[in-house]
Structure formats: C-alpha cells, structure tokens
2 protein chains.
Amino acid sequence: MNGKKGSIRIDICQLTPKDVVPEGAKKPISKGLSPRKWLRDVWEFARQDTNRVTFALKVGLACLLVSLLILFRAPYDIFGANIIWSILTVAIMFEYTVGATFNRGFNRAVGSVLAGVFAIVVIQVAMSSGHIAEPYIIGFSIFLIGAVTSFMKLWPSLVQYEYGFRVILFTYCLIIVSGYRMGNPIRTAMDRLYSIAIGALIAVLVNVFICPIWAGEQLHKELVNNFNSLADSLEECVKKYLSDDGSEHPEFSKTVMDNFPDEPAFRKCRATLNSSSKFDSLANSAKWEPPHGRFKHFFYPWAEYVKVGNVLRHCAYEVMALHGCVHSEIQAPYNLRCAFKSEISDATKQAAELLRSLAKDLNNMKWSLQTSLLKHVHVSTERLQHSIDLHSYLFTASQEDNHAKPQLKISRVVSFKNQSGEPECKTMESTTPMAMEVESYHEMMKRQQRKLHSWPSREVDDFEDDENVVSDLIPKMRALESTTALSLATFTSLLIEFVARLDHLVEAAEKLATMARFKQQTAN
Amino acid sequence: MNGKKGSIRIDICQLTPKDVVPEGAKKPISKGLSPRKWLRDVWEFARQDTNRVTFALKVGLACLLVSLLILFRAPYDIFGANIIWSILTVAIMFEYTVGATFNRGFNRAVGSVLAGVFAIVVIQVAMSSGHIAEPYIIGFSIFLIGAVTSFMKLWPSLVQYEYGFRVILFTYCLIIVSGYRMGNPIRTAMDRLYSIAIGALIAVLVNVFICPIWAGEQLHKELVNNFNSLADSLEECVKKYLSDDGSEHPEFSKTVMDNFPDEPAFRKCRATLNSSSKFDSLANSAKWEPPHGRFKHFFYPWAEYVKVGNVLRHCAYEVMALHGCVHSEIQAPYNLRCAFKSEISDATKQAAELLRSLAKDLNNMKWSLQTSLLKHVHVSTERLQHSIDLHSYLFTASQEDNHAKPQLKISRVVSFKNQSGEPECKTMESTTPMAMEVESYHEMMKRQQRKLHSWPSREVDDFEDDENVVSDLIPKMRALESTTALSLATFTSLLIEFVARLDHLVEAAEKLATMARFKQQTAN
C-alpha cells in the first residue's frame, strides 16, 4: 500500500512497521568489520564523552588497589581468605556516577548488616533448640528469607532497593551455611563485614576523589539538552512542514530504512519522550550525592528537575503531534501552507528562542524572568490566530462564493499589516499573490479529484458496494478538500497549544530556579 | 495563574508541575500505617498477580535446595568450601521470568569461562616470567581487565550484557588473586566452576519446571493489554470531550493532586507510551526461551511484538494529542462540539471496536482480516469528514453572512442524511436544532468577549504597551473566536489521523500474525 503512485497530495509518509526500530537500540556508530574502522569507532565513542574513559580507568584503578591488599603479604596475613570479598564488593559496587555508587553501597551495607543480624539471631535459636532440629530450622529460615525478600522487591515502592534485597538473601545464606559447616559464625560474619567495608571504602574513595562523575551534573546537562532538542525539533518540524511541497517524497517504504534520516532533531525529541526513566534514575542517584561543584547547598531540589522534565515532555507530545501532521496522510495544499508561512515561522522562532533562552539560563544557573521573550511569543501567536481568522474562508473551500472572497480579503490583510506597523515586509509580499495561490489550489484540487479516492490507504475490497452511505463522488471530494485544508488548522492549533504549554514550562522552570536558589536577574 | 475565575470557556485544565508525578513511581496501593490495612494491601498486591507469590516461593525453594548441598554432609565433603558459590549463583541468577534467568545464566556462564581462560593464561605468563615480575604482571592485568570490561559495557550494543562484564571482572580478580595467594589456581577455578554450574542448574530447573513464568507469555499479554487500554483511553477521551460543558471544572491546582483521577484510562495510555523499554526487555528475555505453551515453534517472532508495540505507541501519540485538546486552554464551545457529536462518537466507537477486535484476535492467536470493521471505521470517518465539510461555515464564525447560512445548510444536512438511508436517527435529531445552537453560540461568544482576554494565562506586565500590534479589541476577539472553533477542527483532524494510523497498526498486526503463524480465519 505504500508508494502507491496515484496519490499526489495524500502521501503516505508514516512510520511503517519496518522503519520502527526499538527505541533503546540506537547505534550511534555503525559497526564495521575492518580493524581500522573498528578502532576509529572506538576512538570516536570515547571522544564523544571522555567520562567513559575516565570511568573505565577508575574501575581499573579501584580493582588494582583492592588487589594490592592481597598481593602484599601484610594485609593478607591479617584478614585471611575473606579479603577476596573486598574484590567482589568493588566489582559489584562501582557505578558510573558518584550517587549511584553511594546508593549501591547503601544497599549493600544495609543489606549485609540486616542479613548479619538475622543470621546471628537464627543461629542462636537453632543452636539452642538441639542438634536434630538445627538443620530444619536453618533450612526453613533460608526458604523464608528467600521468599520474603523476593516478594518484597516486587513491591512498587521498594523496586529501587532490588539490589539490597538480593544482598540480604545471599549474605544471609552464606553466613548461616558457612557458620553451620565451619563453626564460629560470628567471627566469619565479622571478618567478611570488614572485607566488604574495605572494598566499599576503596570504591567510594576512588569514585569521589578521582575525576568524579556526578549524577547531579549529568541530570542538569540532560535537562538543558532536552530544552535545546525540543527547540530544535520544533523548528525542524515546522521548517519541513512549510518547505515540503509534496514533490520530494520518494517511495517511502523502500528508501527509508531508519526513521526519517533527514530529521535528526526528531530522533532527539523522541529520545526526550523516552527519557523519563533516565531522569528518575539520575535524580535518584543525585540525591545521594553531597553538595559539589555548582550545586552547593544541601537538599538540592533534584526532584524538581524530574518535574520540569515531565512538563517538558508534556510539551514534546505536542511536537510529536505536529510531526504527525507533517507526515500525515492528509496534507494541506502547499500553497495554503505558504499563505501562513510568515506567521507560523515567526511564532515558531519566538517559541524556540524562549526555549533556548530557558536552556541557557538553566545552564548558567541564573534566572531572569523572560518577560520580553514571553511577550514576543504571545504576540506572534496572537498574530497567527488573527491571520487564521482573517483567512478562515480558505478552510471552507467548498462554499460557492469562494472565488469572490480572496480579492475582498486581501485588502483587509494588507490594511491589517499596515496597521501593525511591522518593519518586516515578507508577510505583505506573500499575501499579495494569495488570490492567485488560492486560485491554483482550487484548480489543483479539481485535477486531483479523480486520484483522491486512493485514500483510505488500506485496500478494503468492495468498499462502496454494500453500504451506499457516500454514494456520489462529489460530496466525498468536497469533504476531503475541506479536510485537507483543515489539516492546516490542526497544525496551527497544535502550535498554539504548544505555546500555551510553554507557560507551564516557564512556571515549572521558575519554581526550580527558586528552589535551587539560582541567581536572580532582572535584565532581559 | 491557575484557577483564575474570570475565564469561563478557556479553562486552564492542564498538567501543572505540581500534578506531574514521575512515571515510574506509580503506587497502585496506598501505604497505610495500621498493620491491618498493611496486611490487606499486601494481600491485594499478591491477589492482583498470583505470579508474584509463585516467584517468591520458587526463590525460597531454590535457596533451600542449594543449601541442602551444604546442610548434608556428603556433597560438602566432595566440594568443600567452594560450594558456597552455588548459593551466590542462585541468589544472583534467579530472575522473574524463565527467559531472563536463561539470559542471566548465559551472561554468568560465558563471563565465568572467559574470565577463567584469561586468568589461566595470565597466570602461566606471570609464573614463567620470574618471581619478581609476577605481582607486577598480575596487578597490571587486573587494572587492564577492569578498564576494558568497564569501557565495553558502555558500548551501546553491549549494554544488555552489562552483567556479563561484571562477572568477567570479579571472577577474573577472584581466580587470579586466590590462585596467587593460595596456590593451585586451576584446581580453585575448576572447583568454583562446578559449584557455579550446580547453582545455575538448580536455578534453571526450579524456574522452568515449577510453575514457569514465561517472558513470552507476559509480552503477549502486555501487547493485548496495550491494545485494550488504547481503545479505552480513546473512548474515555472523546466521551469527556463531548460531555464536558465547561461547568464542572473546579479550581484545578488545588483539588487535583494526582493526574486527572477521573481518567483511569489516560494513565494506562501514558503507561503504554512509556512501555517501550519494558517491551524491549521482555522480547529480549523471550528469545532465550524454548517453545512453550501456545508459542509452539522455534524462532518465534518476538521482535515483531516490539514492532507492533511501536506502531501502537505511534497511534497513542495521537490519543495524547486528543487528550491535550480535551485539557487545552482553548476550547471549542460546547454547542459546537454537540453539533458533531454523533459523527465523532460513531467514528470513535468504530475505531475502538477495531482495536478491541484486534486485541481479541491477538489474544486468541487467530487472525481474521477485519474487512468489515475496517470498512465501518472508514465509512464513519468519511462521514465525519463530510459533516465537517458541510458545517465548515461554523469555523468561520466571524464572517458577516453567517447568520444566513445555518438555515440554508440544515436542509442540505438532512437531505444528505436521508440519502444515506441510515437507520439511526440520532444525527437527524441533533441537526435539527442546530440553527438554534449556532445562534446561542454566537450570543455566548459575544457575552464572553470581555472575559476572553484572560488568555494568555501567564501574566505579562504591560503586555500591550510597547508593541501595538493588535491594538483594537474586536479583531483580537474575532481571532480567538475563530481559534476556539478551529479547536474542534483540530480534534476531528487528530481523530481522522488516528484512524489513518490504524491502517498501519492492522498491517503490523497482520505481519505478526503471518510470522507467528496464527490461525487464519475468513469469518467476520
């Protein structure tokens, strides 16, 4: 059904199943076979974010340091074979960011301590209940701990401590079983606890004091990037909508293997939509971190970042819908889109500028109430509304007196523009040949009438046979003509709704700025 | 700015920052303090999905079984203290679904073997290079393995094997260090490998043969649920749009703490939007599973489920946009919405029915080409388009000759309806009093004119002072009036676009049905 050549205006330019790749599986770098290319890819990957190399070297260093405890004779003689637990702890606890390491360390510490306490209690009970009952009590306690911890880690509010429950389970089993078999369980438990503490200490020290990678910093950058990519994708989407005259669409399903390779910002926007879990986990890690760098005070409002991210995502849904319009099956004629080009471009430009300015402010941890920018956005949006109103006769293309109206209206448009006293003359230039454009639009529509009924795109056999609801072709064509024109109304409405949501975004960002005590500025 | 009482029609009913909760943190059950309530909550949580209890009991059983190896004397005498590694393996490897357990087992097995091979090679090299060089070589190799595995696990296509790299790192360190200190590294490595193999075997046997929880089954159910929740949220959203006469909105920011508590389906729809990572991980686990239950043949196309899920999400973006319309700041007047009520309801009903029928087919693993349902959807959508066309004068409410048109048009509508010969008379009934409705709409608009300029909602001081672009109030009001009417056009366009995307969904589902060899049916 894709690439049916009959339909000219109603292009089927949508995400077909073939083009949908799983969101998580984006490969930024194609994997080649030649070692030269492979090395270049690795180099490029490391260069994109040098923190990756830092992290790798830090893990290596932490492992080396903890191994020295065993490679040298002195610490080994003190702690004995239990010292290998410090290696295990480093390997398991070392995470990318400082906050995540602290979080994991907390899980490990609390899990180990709880398991130790349970184990000691159960061993005392088992030992006092006689030699025969002992293994039964131990066996039952293992079953119980396994079942209870596994059930608890499924509980929604405890899911984040999943690792802690795992630690409880295996530490408990290890202590109780080796205590039963090897005697002196408390000595074993304490030795192991010391080893784990040493491993944890090394992991934390290396992670915090050698080129630390802070989750808070990452979260901050991520939010700023999301603002920018939203602005980019808005502009990209609108630009494509206004410049796309329908002539360029190749046979879609064959040429496009990935999602719209000519729309890098759209991909970023979709990444924004799927970033909620990333934000949650970064904020979750960040709240474990001590004040650092630019984030100087205690109880820094990391949760606010998540909230601003959510509102931003709420705005991004509108951009997705705009994007849906661009790739819709039903398209407003190019000429009609051109008629509103300057207003749409202007509103988009202002909105993107506001977003970028918010991003810049957040990035610099300043806050200047964007009064003039907000004003610009609102004014340009009102102008768009106004223009839609003045030309709303274009949306009712099937009225009989249509051809008379354009000439009548043009004068109003021009006088309106003169009233506004706007220095730019692009709008006036584009409105003058409008009568002609509308004319040609109608002609084109008439030419297309025979081809238009290729929509709906899926072939349903004997479509019109048994239910003669829309029996005559002309009303059907009129409906389509009107719907294609209304598609422009949809686009502008979505744009206006996007702008309306920007207010909430500004509000959320302002709340963040207040709670995080950004520097207030009255300029701008 | 919320709850400003001046605006009647333009209600501010949007997601304010306060109401946005992190997506992942939904608590299905409120947590009380009394033990009675707490017990009831736990019981409810277990009852919602009995698999949770099954899983917990299975983990307990696996731990108990592996502990028996140590509690009984015979196996302990054979394997010695290394047997505790089997406990560690069970605790770490046991996952919720069979596929995830296999996947983790694979990671653990390959990781352990690779680490063992590396360790043996390095030990041989170190031992042959003399007593002084030995610790340096070992130390350097530990640093290298730590850095390389940590770097590799950041590589996008290797992220899913993160656990495997962790296993390589700590197994390597453990073998090489304990080999260096305790002698006979190969014996140590082999003993440990046996223990790990025993633990893995027990974990797999318990997981597969006792009430297995298959990732494939979960994925299948999840997809079917997503179809149903999309249908639910579509219907809910449209119902709310058509029934909402603007009178019920309480002061939003104060009363609503969570997201729209009266819209359970919307929450499900948003969960659908965020389900991409869940789909990926389930499909990733499912491909490790052997043929089972209803999924009888090898190489079952689990990846197709992810693709259908993606197309479904693509449809859900439109529902989100529709939902955005419902809670938009700019609302079409109630009367205008009523005018198209029957067409919108009909199209929605048909689309939801198609979705539910697809869900049912998927659930039963049958496939009947939904010709008649698709036809119904297309016919009702065309009728909606048609109706929009016939009443498009309503969208240009500011024209001078508006009041003359309704009467003229009504006759056309009725005659069209008569032509169609449709048995339902609801549409006719609703079109007859339309002239009156349109009349009252205009009156209402005039009454509202003074209040309408409360939009834009964010207060920008001296908004109209320095730029006198829209100096007179009347054109501004006209623009708003037109925009509010066009908001209905947006709603219907989005609905039509949703229906257009359904074609792709049917296509994707059909491809899945073919590849998964669903039973073909010609009925329906």
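Bear in mind the structure is a predicted one, so any value in this text is a computation, not a measurement. Every chain is numbered from 1 and lettered A, B, ... according to where its sequence line falls, protein lines coming before strand lines.
- The CE atom of B/M320 sits 6.5 Å away from the NE2 atom of A/H314 when rounded to the nearest 0.5 Å.
- We find the CD1-CG distance between B/I142 and A/L61 to be 12.0 Å, quoted to the nearest 0.5 Å.
- B/L144 CG to A/L57 CG: the interatomic distance, rounded to the nearest 0.5 Å, is 10.0 Å.
- For A/F491, no part lies near chain B; criterion is any non-hydrogen pair under 4.5 Å.
- Shortest non-hydrogen contact noted between B/V42 and A/W155 is CA-CZ3, 3.9 Å.
- Among the candidates A/G60, A/A62, A/G146, A/C173, the residue making the largest number of heavy-atom pairs closer than 4.5 Å to chain B is A/G60.
- With respect to chain B, the highest number of heavy-atom pairs below 4.5 Å among A/G139, A/S281, A/S277, A/G309 belongs to A/G139.
- The greatest number of non-hydrogen atom pairs below 4.5 Å with chain B, out of A/A283, A/C63, A/P135, A/A321, is found for A/C63.
- The distance from atom CG of A/L64 to atom CD1 of B/I138, rounded to the nearest 0.5 Å, is 11.5 Å.
- In this structure, B/F143 has no ring pair (Phe, Tyr, Trp, His ring centres under 6.0 Å) partners at least two apart in sequence or on a different chain.
- Contact count versus chain A (heavy atoms, under 4.5 Å) is highest, among B/A56, B/A46, B/S67, for B/A56.
- Listed by chain and number, the residues in a side-chain hydrogen bond (donor to acceptor under 3.5 Å, both in side chains) with B/R52 amount to none (sequence neighbours excluded).
- The aromatic rings of B/F45 and A/F151 lie perpendicular to each other, with more than 60° between the two planes, well past the 30° mark.
- The distance from atom CG of A/L154 to atom CG of B/D49, rounded to the nearest 0.5 Å, is 9.0 Å.
- Contact of A/I92 with chain B is made through backbone and side chain together, with heavy-atom distances under 4.5 Å.
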